[in-house]
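Contents: one structure, followed by commentary.
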Amino acid sequence: MPPPETDVLVVGAGPTGLSLALVLRQAGLRVLIVERSTSRDRRTRAITLHAPTLEFLDALGLLTEVREQGLALERISFHTHQGSYDGPLTGLDSTVDGYLNLPQPAYEELLEEAARDSGVLFRHGTTYLGHSGGDRSPDAWLTVRLDGSDGPSRVRCRYLVGCDGAGSQVRASLGSTLEGRHAPASYLLVEGTPVLPAMEPETGIYVGRAGMVTLAPLPAGRVRVAGPADMMLALDKGARVTADQVTALVDALGFGDRLRLKQVERVAQYTVQERIASRMADGRVALAGDAAHLNAPAGGQGLNLGIGDVLALAWRLVHAVRHDTAADLTGYASERREAAAEAITAADVLPLVQRMRAAHDTADQEPLRQALTRHAPRWSQLYPHHPAPDAADLPGAYRLEKGTRVPTAVRESTGPVDLLPADTDATLSTLLVAHPSRLGWARDLAGSRAERLGCPPVGMLDTVPLDARHPRFRAMWPRDAAALLVRPDRRVAAVLTADAPAEDSRRLTLSTP
């Protein structure tokens with residue numbers, strides 16, 4: 001039987017639910033995961049991990065294992081019959097640079113083992129039925145109704161988080177719906193051993209007249225071929241697709257053995273959804289992962305967007321439970337709705353593909369190559385509010401402001417410059433100060449404002465190099481800023497500005513644009 005009460009009850013033991021439970025438990029909260037299924041889905045499913053997710057795994061101490069099991073990627077390549085276009089997947093603003101392919105089941109196994117070791121409680125074969133009670137007052141609790149192998153039960157919790165996927169019952173209980181659209185073409189997927197070895201470490205997108213597919217390398221020499229192979233194909237949801245049918249459609253693209261498999265392990269077809277929950281939070285209940293948003297697979301947005309939800313939600317829950325206050329789930333919902341919309345936009349590669357089909361000479365092709373250099377940072381989810389970096393040779397350059405993400409490292413032309421360590425304490429805020437003389441002033445000011453902004457107290461102060469040795473980060477620093485108050489998820493909570501010389505502490509002010 002589940003425990004009678006817990007701080008946070010998580011519904012769903014997929015990547016998002018496991019990640020959230022692990023972070024909360026490491027911060028000292030009591031966490032219970034309930035999962036309807038009794039065994040793990042062994043399908044490959046999501047495969048691509050972005051830099052923020054790799055940073056997250058680094059902070060959890062899991063990065064070494066992920067790298068040992070996964071496959072590092074260095075580039076994305078668009079192949080057409082007129083030529084190929086390569087875009088780098090490295091050179092990002094991160095201490096853990098680049099992308100990595102790892103099948104979702106292996107990722108989940110690592111997370112679940114770490115979660116169990118940390119003391120997260122699990123109840124598999126248990127269904128969420130509904131909840132009642134709970135409001136925004138500090139002493140309010142929810143009562144969650146469950147049904148498992150031992151019969152019906154009830155659990156009291158401070159917060160409830162639905163990580164139960166596209167068919168989320170938690171979302172239904174909130175009266176929330178997924179708003180948006182589904183793509184008109186069916187997507188086909190086939191996995192197995194290729195006739196020709198994959199061009200590691202590359203994710204290739206093959207563009208023909210009839211459509212396009214992605215060839216993604218997997219560990220142990222396997223590959224995935226997926227995409228709308230025939231834009232005119234219309235299949236009903238759940239329709240059976242054979243390997244021969246997929247082979248015929250892929251062959252129609254005209255790339256020969258490059259896309260053929262000599263051994264097929266899995267064939268599937270699915271429809272692509274681009275939807276966002278009409279309500280991501282209500283009172284003490286929140287949605288995360290696929291329960292909150294769905295998007296096209298281009299760029300591996302879905303799983304990584306769920307980890308972004310975890311980072312944005314976990315510190316709010318930890319702060320609320322530790323300080324016996326109500327979490328700002330309204331702020332969480334608005335931020336993650338915006339992030340989901342950005343991910344949906346970033347995943348739309350059709351305009352770029354159409355330009356490639358129409359390109360016939362060098363004058364057309366060079367702008368395409370320049371545009372492609374922007375896709376890695378755009379897909380990476382490292383740069384909220386700035387989906388189109390402003391420098392091809394320094395991807396992701398932008399000015400820090402409220403809501404932007406402070407990078408763990410800045411990629412200067414001479415190499416990376418570390419800023420915030422990947423293992424920054426998830427329960428504390430950080431204060432980045434432009435000059436050592438302002439450390440004390442900024443701490444006093446930030447300490448008095450953090451609670452009003454709903455942030456945890458400041459746990460680390462650090463000065464940042466704003467001299468000629470690091471021109472790119474100097475350009476990113478806000479004009480006239482004395483310090484940045486940075487939340488545990490590395491988002492800027494506030495810009496502390498000084499409208500007087502550094503010696504005059506009385507005129508240091510808080511700016512929250």
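Keep in mind that this is a model prediction, so the values were computed, not measured.
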Should Arg405 and Glu55 count as an ion pair when the cut-off is N to O under 4.0 Å? yes
Under 4.5 Å between any side-chain heavy atoms of Leu313 and Leu329, yes or no? yes
Nearest heavy-atom pair of Gln301 and Ala343: which atoms, and what distance? OE1-CB, 3.6 Å
Give, for atom CG of Asp97 and atom OG of Ser380, the distance between the pair rounded to the nearest 0.5 Å. 10.0 Å
Is the backbone of Ser176 close enough, under 3.5 Å, to the side chain of Arg279 for a donor and an acceptor to pair up by distance? no
Look at the side chain of Ser278 and the backbone N and O of Thr177, then say whether any donor-acceptor pair between them is shorter than 3.5 Å. yes
Answer whether the closest heavy-atom distance between the side chains of Pro105 and Asp41 falls below 4.5 Å. no
Could you tell me which non-hydrogen atom of Ala340 sits nearest to which non-hydrogen atom of Leu305, and how far apart they are? CA-CD2, 3.8 Å
Ignoring hydrogens, what is the shortest heavy-atom contact between Ala198 and Pro217? Give both atom names and the distance. CB-CB, 4.1 Å
Are side-chain heavy atoms of Val310 and Cys163 found at a separation under 4.5 Å? no
Results of salt bridge (Lys or Arg N to Asp or Glu O under 4.0 Å) for Asp418 - residues two or more places apart only: none
For Thr214 and Ala216, indicate whether the former's side chain and the latter's backbone hold a donor-acceptor pair under 3.5 Å. no
Roughly how far, to the nearest 0.5 Å, is CD of Gln69 from CG of Leu62? 10.0 Å
Is a side-chain N or O of Asp164 found less than 3.5 angstrom from the main chain of Gly12, in a donor-acceptor match? no
Which label fits His81 and Phe255: parallel for a plane angle under 30°, tilted from 30 to 60°, or perpendicular past 60°? parallel
Candidate pair Val23 and Phe56, rule side chain to side chain contact (heavy atoms under 4.5 Å, CB included), full reasoning: CA-CA 10 Å; Val23 172; Phe56 169 76; 3.3 Å; yes
Tell me, do Gln245 and Leu188 make a side-chain contact under 4.5 Å, heavy atoms counted? no
Heavy-atom closest pair (Thr48 atom, Asn304 atom, distance to 0.1 Å) is O-ND2, 2.8 Å
Mind checking the CG-OG1 spacing from Asp282 to Thr330? Nearest 0.5 Å is all I need. 8.5 Å
With salt bridge (charged side-chain N to carboxylate O under 4.0 Å, His left out) as the criterion, how do Glu109 and Arg42 come out once you've worked through the C-alpha distance, each side chain's angles and the decisive distance to 0.1 Å? CA-CA 11 Å; Glu109 287 175 355; Arg42 304 309 305 182; 2.8 Å; yes
Verdict with supporting geometry, Gln273 and Leu178, side chain to side chain contact (heavy atoms under 4.5 Å, CB included): CA-CA 10 Å; Gln273 306 287 325; Leu178 287 173; over 6 Å; no
Do side-chain atoms of Gln104 reach the backbone of Arg45 as a donor and acceptor pair under 3.5 angstrom? no
Which heavy atom in Ile33 sits nearest to a heavy atom in Gly17, and how many Å separate them? CD1-O, 3.8 Å
Side-chain heavy atoms of Gln26 within contact of Leu60, under 4.5 Å: yes
If you take all heavy atoms of Lys262 and Val195, which pair is closest and at what distance? N-CG2, 3.8 Å
Interatomic distance, Arg222 atom CZ to Leu71 atom CG [nearest 0.5 angstrom]: 11.5 Å
Does any N or O in the side chain of Tyr332 come within less than 3.5 Å of the main-chain N or O of Leu287, such that one atom is a donor and the other an acceptor? yes
Using side-chain heavy atoms (C-beta onward) and a distance below 4.5 Å, is Tyr107 in contact with Leu18? no
Who are the side-chain contact (heavy atoms from CB on, under 4.5 Å) partners of Pro201, not counting sequence neighbours? Glu74, Arg75
Who passes salt bridge (Lys or Arg N to Asp or Glu O under 4.0 Å) against Glu179, sequence neighbours left out? none
Indicate whether the side chain of Glu342 and that of Gln381 have a donor and an acceptor atom separated by less than 3.5 Å. no
Distance only, no hydrogens: is a donor on one side chain within 3.5 Å (strictly under) of an acceptor on the other, for His124 and Thr38? no
Stepwise, does the side chain to side chain contact (heavy atoms under 4.5 Å, CB included) test hold for Val495 with Trp477? CA-CA 10 Å; Val495 178; Trp477 190 262; over 6 Å; no
Quick one, Ile76 with Ile205, criterion side chain to side chain contact (heavy atoms under 4.5 Å, CB included). Give me CA distance, side-chain angles, the key distance, then yes/no. CA-CA 8 Å; Ile76 181 171; Ile205 298 180; 3.9 Å; yes
Between Asp489 and Arg487, does any side-chain N to carboxylate O distance fall below 4.0 Å? yes
State the CG-CG distance between Leu111 and Leu22, to the nearest 0.5 angstrom. 6.5 Å
Among side-chain atoms of Tyr99 and Thr203, is any donor-acceptor pair under 3.5 angstrom? no
Non-hydrogen side-chain atoms of Arg260 and Val225 separated by less than 4.5 Å: no
Within the distance-only criterion (no hydrogens, no angle test), does the side chain of Arg399 pair as donor or acceptor with the backbone N or O of Ala475 below 3.5 angstrom? yes
Sidechain N-carboxylate O distance under 4.0 Å for Glu108, Arg43: no
Scan Arg275, Met280, Glu274 and name whichever one has a side-chain contact (heavy atoms from CB on, under 4.5 Å) with His293. Met280
Ile276 vs Ile344 side-chain heavy atoms within contact, under 4.5 Å: yes
Could you tell me the separation between the OG atom of Ser429 and the CZ atom of Arg491, rounded to the nearest 0.5 Å? 14.0 Å
